[in-house]
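Here's the structure we're looking at; comments come further down.
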Amino acid sequence: MPETLDFLPLAQKLKNSGPYTDEDVVFTKRAFEMAKAAHKGQMRKTGEPYVIHPFAVAMKLVDMQLPIEVVAAGLLHDVPEDTDVTVEEIQHAFGDEVATMVNGVTKLGHVRYTGLERYVENLRKMFLAMAQDVRVIFIKFADRMHNMETLYVIPESKRIRIAREVMEIYAPIANRLGMGEYRGLFEDYAFRYLSPKEYNWTKHLLEQSVKKAGPAMERALRDVEDALRDNGLRLANVHGRIKFCHSLYKKLKKYDKDINKVYDLMALRIIVNDVSECYGALGILHSMYTPLSGRIKDYIAQPKPNGYQSLHTTVFDEDGSILEFQIRTTEMHEEAEYGIAAHWRYKEFKSKDKKVRWMNDLVRIQKELNETDFMDRLDELKLDMFHDRIFVFSPNGDVFDLPENSTPIDFAYAIHTDIGNKASTAKINHQVVNLGSPLKSGDMCEIIVDKNRKGPSADWLKFVKTHHARSKIKDAVKKNKRSFLASFKDRSKR
Ligand code: MN
C-alpha cells in the first residue's frame, strides 16, 4: 500500500450510506488529512502506512451509521497517543465532541496492571467510559476489531493476551450491548488464537455442512420469497446466515459434538416492515412447511434480556431437511446486529436526548450484569468491583464509581480531600439534600464547599460507605483534636 492512501473509499461509503451529507464528507476528509499528516512515516506491523488503521476504524463506524463526529474521532483516535498532535489541536479543528471522544479512547488505552487485576481494571475502565460516553466504546470496538483482523503479525505471546482480553471483556460487553455482529466476530477471532485446534475442527465442520445443505437453503429462500410476495407481504430483505464458529462450538459441546442436533447452523432471515407482517410471514411459512413442535419462539412478545427481538421457527422442508427461520422487522434486525449502536444512528441521534437514553440503557445493562453468569464468574474470582457499584456524575459530566448507598460525602472525598473536608451542602439532581442521603446510579451530585469550615464532622463517620472517606475523616478529626489540644496547652502555659 503506497503512502498516499486514498480517501475515496470512505467518501463513497459515506455517500452510499443514507444519512450522511456532503458536508459530512468534507468534515471527514479534513479529519482524514489530519490523521494522515500526523501519522506520516509511521508503519503498522503489517508494513503498511499507519493511517490504514484509523481509516479502517472509520469505515467500521460508518457501517454502524454512527454520527459523523464519531467517524472523525475514529480517524483521530490514535493521534494524541502516537503523534505530536495534541487533543487541544483536535478540539480546535473539530470541536469539543470529537476531542472528548478521542480523549476517552486515549484514556481507555492506558492499563497499568497485569493478570487478573488487569482484567478487572480493564472491565472497570470500559464501564466508566461507557457511563461517560458510550460512543467511545464503539470506537474502541472498531479499533479492536481491526487489530484482531491483523493479529497474525503480532508476536505469539502478545497475541494470546489480546485474544483472551477480547474473549473475556470485549465479547461479553458487546453481547450485553446487544451488538450481535461484534460479539460473534470478537469471539471467532479470539477462538481462532486461543484454541486453534478446536477452531479449525469447527470451521471445517461448518464448511462441510454449508456445502451439503446450501442448495436446499437456496431453494427454500427462493420459494419463501415468492410465497411471501404472492401473499402481499412487503419484504425488506430475505437472506441466509451461517452460525459463528465459537457459538457453534459451544453448542456442539452441549450435544456430544453431534452436528445433526444443531438446527440453527444456518438460518433463513426474513426482514419485513412491521410487527404484524412478522406474524403474517410466520403463518405463511407454517402453511408451506411442517413446523417442529416446541421450536417456535416468540421473542417479539418476550424479548431476550439483552433486548433481542425476532420470531424463530424450525420446520421440515419437502425433503425432510430441517430449516430454521428468523423473522423480524428492519428495526429489530438493526438492533440485533448493532444493538445499542443502532440507537445512536445518525438520524435518531440529532433528535433524542442522548444522556437520558443512555442512562436508561446503562441501568438496564447493570441490572442484567448482576444477573448473569458473567458476574458469577467475577464472583468466583472474589472480585466484587461491580457488585453493588453505582455511577454518579459531577456537574461537569465526570463519572465516579462508588459502592451502593454511598452518600454525597463519599462522593466529595472521591473528588478531592479538600472538597470532602470543607463540604457544607449537597445537591442531588439540583435538589438540596442531607449530606448523608444515599446516591443512586445516574445521579448528578454537586457539593458546595464552605471555605471557612474547619474540617469534617465526626458524625459523618456514622453514614459514609467508602473506606477512603472514612480514613480521610478520621485523619482530619484527629488533626483537629491535636490542634485543639495544642492550643489548650499553649493557653495553660501562659
Ligand atoms: Mn488504534
Side-chain angles (χ1 to χ4, degrees), residues 1 3 5 7 9-10 13 28 31-64 66 68-87 89-91 93-94 97-112 118 121-123 125-126 128-130 132-155 158-167 169-171 173-174 179 182 185-186 189-190 193 341:
M1 188 61 73
E3 183 74 16
L5 170 71
F7 177 68
L10 186 51
K13 200 184 253 299
T28 315
F32 172 72
E33 294 300 343
M34 186 190 236
K36 196 168 136 183
H39 290 294
K40 196 173 165 67
Q42 296 176 353
M43 291 287 167
R44 296 201 88 218
K45 287 217 170 58
T46 53
E48 296 161 310
Y50 193 86
V51 72
I52 288 272
H53 166 65
F55 185 84
V57 169
M59 294 286 271
K60 291 180 195 301
L61 296 167
V62 176
D63 282 336
M64 287 189 253
L66 290 167
I68 206 66
E69 291 81 6
V70 185
V71 178
L75 281 166
L76 296 163
H77 80 273
D78 279 329
V79 162
E81 177 95 41
D82 301 339
T83 80
D84 295 334
V85 179
T86 62
V87 174
E89 287 169 77
I90 292 174
Q91 181 184 24
F94 299 100
E97 274 202 79
V98 174
T100 311
M101 282 185 267
V102 170
N103 200 25
V105 179
T106 307
K107 277 198 290 191
L108 212 50
H110 291 285
V111 178
R112 282 159 294 163
R118 182 193 166 97
E121 175 65 9
N122 254 332
L123 207 54
K125 279 192 165 184
M126 291 282 248
L128 288 178
M130 274 200 300
Q132 241 163 358
D133 188 342
V134 72
R135 297 172 301 175
V136 168
I137 295 294
F138 303 148
I139 299 171
K140 193 67 200 169
F141 274 12
D143 174 43
R144 184 50 67 95
M145 191 61 82
H146 185 242
N147 288 335
M148 292 310 278
E149 285 165 12
T150 51
L151 196 63
Y152 56 89
V153 292
I154 302 292
K158 220 175 149 193
R159 225 187 278 164
I160 298 291
R161 179 180 65 63
I162 293 171
R164 188 164 297 136
E165 206 167 81
V166 163
M167 190 64 102
I169 295 170
Y170 285 76
I173 290 181
M179 299 171 73
Y182 269 72
L185 289 170
F186 275 146
Y189 277 123
Y193 293 103

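Positions are given from 1 along the sequence. First listed ligand is number 1; within each ligand, the first listed atom is number 1.
E81 places no side-chain N or O within donor-acceptor distance of the main-chain N or O of D78, the cut-off being under 3.5 Å.
Contact check on E69 versus R135 returns no salt bridge, with no Lys/Arg side-chain nitrogen under 4.0 Å from an Asp/Glu carboxylate oxygen. Under 4.0 Å is where a charged nitrogen must lie from a carboxylate oxygen, and between D143 and K60 no such pair does.
Among the atoms of H77, an N, O or S atom falls under 2.8 Å from the Mn ion (ligand 1).
The name of the N, O or S atom in D78 nearest to the Mn ion (ligand 1) is OD2.
Annotation: angle subtended at the Mn ion (ligand 1) by H53 NE2 and D143 OD1 is 80°, to 10°.
Contact annotation: the side chain of N103 never approaches that of P80 to less than 4.5 Å [non-hydrogen atoms, C-beta and beyond].
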